[in-house]
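Everything below concerns the one structure shown next.
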Amino acid sequence: MKKNICNPLISLGILIILVFCLSKGISKVPPLGKLLNPYSGVVQNEKDSKFSGEVKLSDCLAPVNIFYDERNVPHVFAENDHDMYLAQGYITAKDRLWQMDFISYTSAGRLSEILGKDYLKYDRLQRRIGILSSAESTLKLIEKNPETKLALDAFTLGVNAYIAELDVKTTPFEYKLLDYTPETWTNLKSVLIMKYISAMLTGYEEDISMTHMYATLGRTEFQKLFPEHQSLDGDRSDSRMDVEPYAEYIDQGFLNNKVAVASSSYNPRLGSNNWAVSGAKSKTGNPILCNDPHLGLMLPSIWYEIQLSSKTTNVYGVSIPGTLGVIIGFNDKIAWGVTNGATDVKDWYKLQVKDDYSTYKMDDEWIRTQKRIENIKIKGQKTFVDTVYSTIHGPIVFDDRFEQDPEAKNLALKWSLHEPANEFLTFLHLNKARNYDDFKESVSHYKCPVQNFVYASSDNTIAIHHQGLLYEKWNGQGRFVMDGSKKSHLYKKAIPSSDLPQLLNPENGYVFSANNFPAYAVPPSYMNGNYSEVRAYQIQKKLNEKKMFSIDDMKKMQLDNENAVAAIILPELLLSLKGDIYKDAKAQKTIQILDQWNYQFDQNSIAANFFDQWWKELELLTWDELRSRQYFLRYPDPSVLIKLIRTEKASVYFDRKDTKKIETFQDISKQAFSNVLKSFENKTWGNINNVKITHLSQIEALSLFNMHLGGHPDAINATSENWGPSWRMIVELGDKPKAYGIYSGGQSGNPGVKSSQGFVEPWSKGQYYTLNYYSNYAEAKRATKNQLVIKK
Amino acid sequence: MQKQNEQQKINWSLKNNLMKNIIWLLINFILITASQLIFTRFWWNFLPISIVTGIVCGYINVPVKAFGIAFISGFISWLGGTIYYHFNFAGDMLVKTGQMFLMPKWLFILFIGLLGGLLNGLAFYSGYAVAKQRIFDFSRYYSKN
């Protein structure tokens with residue numbers, strides 16, 4: 001009989017090809033074999049990690065008890081600091097390993113290693129803006145301090161102990177999907193995560209756009225439209241432009257006028273709130289501190305709740321996975337919270353540089369640039385080698401070989417993020433601080449990003465510090481692109497921490513911040529930034545409205561949807577609508593709704609939706625002159641338009657460029673009203689305010705969409721689109737702290753378990769959890785059901 | 001009478017073949033499932049086991065529908081395993097992964113089963129068909145002179 005080997009060979013051939021394709025993945029399709037095998041694939045990730053039992057870690061000095069409460073928040077009780085941070089590393093990795101690992105890759109400009117060449121541009125940019133190099137130099141500084149070295153080393157040991165336990169089944173889902181494995185954790189990766197946060201909060205700048213605006217508009221008009229900062233009602237403004245000298249070096253030819261400015265998706269106004277009231281303004285006589293940092297809403301959440309206790313520390317709050325300690329929280333004596341300071345710490349310097357980038361001019365000298373070689377590994381391909389040239393100001397980000405942003409070509413970047421600083425020490429000390437002196441000492445180590453630290457303690461002290469690395473500046477310095485060929489444009493001296501704006505126990509009994517200018521203190525030098533006064537105005541109004549506050553009052557305040565811009569300007573807008581429009585039935589009904597409106601951007605408010613569109617249309621029609629310029633980046637602050645409406649109704653800015661008629665405010669307001677009315681569909685604000693919480697991988701199936709919520713960027717509850725109160729916390733300090741909080745996510749970062757999004761629904765409804773702060777081991781043991789013990 | 005006897009012989013033969021198919025289906029199912037439970041390092045580790053099982057089955061000349069029985073055993077192993085773990089762990093991963101592939105959960109689970117069946121069927125059949133062809137005929141080394 002003839003041997004027919006074709007069939008089995010064909011069958012075997014097909015099998016081999018299938019196994020190969022299912023192991024590697026093709027194009028955008030992930031390795032299906034690895035994913036779908038039920039014994040090792042994604043279905044194994046539906047198992048939640050264990051919260052009880054025993055874990056043996058050889059680096060543990062003494063047994064560590066970790067009690068998990070009903071929300072799977074770990075309460076770590078250790079005998080010493082080393083074991084406390086070891087445990088923090090271990091359990092944070094247990095819940096959030098992929099998140100912290102991925103962020104470290106993102107920060108370091110290493111995404112091409114895991115995602116391929118599509119991310120090469122992103123990685124090149126990350127390397128060129130100096131994140132990796134600054135993380136390396138920062139790590140050297142951090143490791144010189146014995147306290148942070150011990151803590152960081154212990155944390156790293158803990159993370160690696162968890163990684164060593166992983167097998168194919170228990171490897172987090174995202175690794176299986178993206179087809180790579182977790183690498184050994186290092187101290188550098190923790191620093192990279194801190195730099196990632198710093199970059200997120202200080203990455204926005206508008207120097208180039210503002211330079212063009214200043215050159216084109218001239219000083220008077222620029223001062224009017226873009227003052228350094230101005231109160232929301234326009235009554236008070238501070239512009240240093242009256243004071244000479246002010247940016248006298250800028251003229252039409254200073255920058256290349258032929259290129260457009262790249263738009264930025266980041267809106268610095270979508271910021272955070274914090275405030276504290278002293279016992280005098282509290283119904284119980286105990287100070288109350290509140291903080292809701294607004295960040296990009298993502299899964300897993302940037303925050304991870306934890307309690308850390310050792311002989312020196314007993315602190316509760318939220319940590320950032322991959323970094324040490326508690327970042328926002330409280331202990332039995334003090335509480336603290338942060339908002340972004342919004343002060344400008346990122347500057348561009350225009351260089352005179354040789355074509356080969358070997359030297360650049362500084363006054364009459366030609367100085368050699370420094371060179372750094374960046375090796376960027378690419379999955380499945382040859383490593384890409386990039387060369388970054390640096391000057392005394394900082395790296396030259398865009399040059400002949402990397403022209404992604406042509407308007408920034410041959411500009412050097414000076415960024416306080418580049419300066420080595422030990423932010424970890426700030427939080428390690430804050431975690432065990434007992435009083436205001438300890439607090440001051442802790443924040444003195446803090447450099448970047450500039451933050452408003454608000455403070456309260458059980459001895460009835462409240463304070464606020466605008467803290468970070470700031471330099472003495474001449475008027476206008478740093479607001480525009482500077483002349484990198486002049487030594488006079490270099491920053492001379494850093495402002496000592498003690499001279500930075502701060503306020504202690506004010507008479508009115510409260511302190512607050514909401515990314516606004518720190519007007520409570522005389523600034524030690526010229527300060528500019530991306531300040532917003534809108535929410536600050538609203539917070540101050542609320543704190544002045546009542547004599548005494550309770551915790552419930554504070555909850556209501558954090559959830560307040562009142563739009564301060566609407567409250568100030570709607571009466572003027574309605575007044576402008578006189579005449580024919582009133583006869584139209586739809587218009588009449590709309591005006592009536594607006595008239596009765598309480599300025600709250602609630603989910604079910606139709607008036608809120610209409611006002612939002614009306615205001616946006618008004619801005620569109622008013623600022624047509626600016627929008628037509630190719631370096632236009634953003635409208636002037638709302639306070640500028642409010643001031644024009646109140647005091648200059650015949651301003652030239654209300655005159656539309658595209659009509660022959662000379663319009664006034666009334667004309668524009670009516671026109672805007674009519675334009676919106678034509679297409680308005682009576683939808684509620686919730687229908688428009690469609691909030692999403694996006695997974696870090698950007699995969700839709702792992703994200704949450706279509707949450708129709710109340711809130712507005714100009715309200716205290718600044719929930720919008722993909723940004724909002726990532727953490728809400730209220731702490732009352734007395735004999736024992738009473739605390740409430742919630743964040744938009746879940747303790748577990750595993751998308752396969754339901755608890756990974758367990759807090760989202762109550763967060764969206766404005767609910768709070770009681771935060772369980774246990775004074776000691778015995779109390780934690782009594783109150784919880786799950787105990788994990790880490791021992792040698 | 002002769003016809004009746006022949007009919008009886010055919011029926012017995014069919015029943016005998018059916019039993020052999022079922023037995024080898026079970027053998028294959030137990031072996032591939034056990035290997036995946038014990039050895040998880042490589043997701044495809046059950047395939048060599050299936051190839052070897054097919055070789056043995058073919059070598060001892062058992063008349064089975066090789067691809068068919070291995071497809072069914074692989075289908076049950078992957079489908080059953082997926083359903084078991086999904087209900088045991090009570091998680092969300094299958095729903096979300098199914099969404100990524102634009103499939104509802106149950107269709108996605110079915111797809112997983114079909115994939116397991118296809119792979120196992122190809123593996124077992126390859127081994128069985130090669131053995132049946134006696135490409136490597138060892139009998140000459142131990143046949144009587």
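Below, chains carry the letters A, B, ... as their sequence lines are ordered, and counting in each starts from 1.
Within a 6.0 Å sphere centred on CD of Glu761(A), other residues, nucleotides and ligands contribute 12 heavy atoms or fewer. Environment of NZ in Lys65(B): sparse, with no more than 12 heavy atoms of neighbouring residues, nucleotides or ligands closer than 6.0 Å. Atom CZ of Phe51(A) has more than 12 heavy atoms from other residues, nucleotides or ligands within 6.0 Å.
In terms of modelled atom types and a separation under 3.5 Å, the side chain of Asn37(A) and the main chain of Trp43(B) share a donor-acceptor contact. Panel note: side chain Glu46(A), backbone Met93(B); a donor-acceptor pair is recorded below 3.5 Å. Side-chain atoms of Ser11(A) do not come within 3.5 Å of backbone N or O of Tyr125(B) as any donor-acceptor pair.
In this structure, Thr40(B) OG1 and Tyr39(A) OH are separated by 12.5 Å, a value rounded to the nearest 0.5 Å. Rounding to the nearest 0.5 Å places CD1 of Ile14(A) at 11.5 Å from CG of Leu119(B). Distance check: Gln99(B) CD to Glu700(A) CD gives 9.5 Å after rounding to the nearest 0.5 Å.
Ranking Asn750(A), Val29(A), Leu35(A), Leu22(A) against chain B, the residue ahead of the rest is Leu22(A), based on heavy-atom pairs under 4.5 Å. Interface check for chain A: of the options Phe101(B), Phe42(B), Phe111(B), the most heavy-atom pairs under 4.5 Å are formed by Phe101(B). Per-residue counts of heavy-atom pairs under 4.5 Å with chain A were compared for Ala123(B), Gly91(B), Gly121(B); the largest is that of Gly91(B). No other option in Leu702(A), Leu9(A), Val42(A) has as many heavy-atom pairs under 4.5 Å with chain B as Val42(A). Note on Ala66(B), Gly116(B), Ala90(B), Gly127(B): by heavy-atom pairs under 4.5 Å with chain A, the leading option is Ala90(B).
With contacts defined as side-chain heavy-atom distances shorter than 4.5 Å, the pair Leu118(B)/Leu18(A) qualifies. Between Lys47(A) and Tyr85(B) there is no side-chain heavy-atom pair separated by less than 4.5 Å. At least one side-chain heavy atom of Val19(A) sits less than 4.5 Å from a side-chain heavy atom of Leu47(B).
When all heavy atoms of Thr97(B) and Phe173(A) are compared, the closest pair comes out as OG1-CE1, 4.1 Å. Nearest heavy atoms, Leu36(A) versus Leu115(B): CD1-CD2, 3.9 Å. Heavy atoms only, all atoms of each residue included: Gly33(A) and Trp78(B) are closest at O-CH2, 4.4 Å. The minimum heavy-atom distance between Ala129(B) and Pro8(A), with the atom names listed, is CB-CB, 3.6 Å. The heavy-atom pair separating Pro751(A) from Lys96(B) by the smallest distance is O-NZ, 2.8 Å.
For residues 166-179 of chain A, the side chain to side chain donor-acceptor pair (under 3.5 Å) pairs, not counting sequence neighbours, are Lys34(A)-Asp179(A), Asn45(A)-Lys176(A), Asp101(A)-Tyr175(A), Asp167(A)-Thr170(A), Glu174(A)-His695(A).
There is no contact between Pro31(A) and chain B, counting heavy-atom distances below 4.5 Å. Leu177(A) touches chain B through its side chain: at least one heavy atom from C-beta onward sits under 4.5 Å away, while N, CA, C and O do not. For Leu12(A), the parts lying near chain B are the backbone and the side chain together; criterion is any non-hydrogen pair under 4.5 Å. Neither the backbone nor the side chain of Ser755(A) comes within contact range of chain B; no heavy atom of the residue lies under 4.5 Å from a heavy atom of that chain. For chain A, no part of Tyr84(B) is nearby; none of its heavy atoms comes within less than 4.5 Å. In this structure, chain B has a heavy atom under 4.5 Å from the side chain of Ser40(A), while its backbone stays farther away.
When the options Ile109(B), Leu94(B), Asn88(B), Ile83(B) are evaluated for a side-chain contact (heavy atoms from CB on, under 4.5 Å) with Val43(A), the one that passes is Leu94(B).
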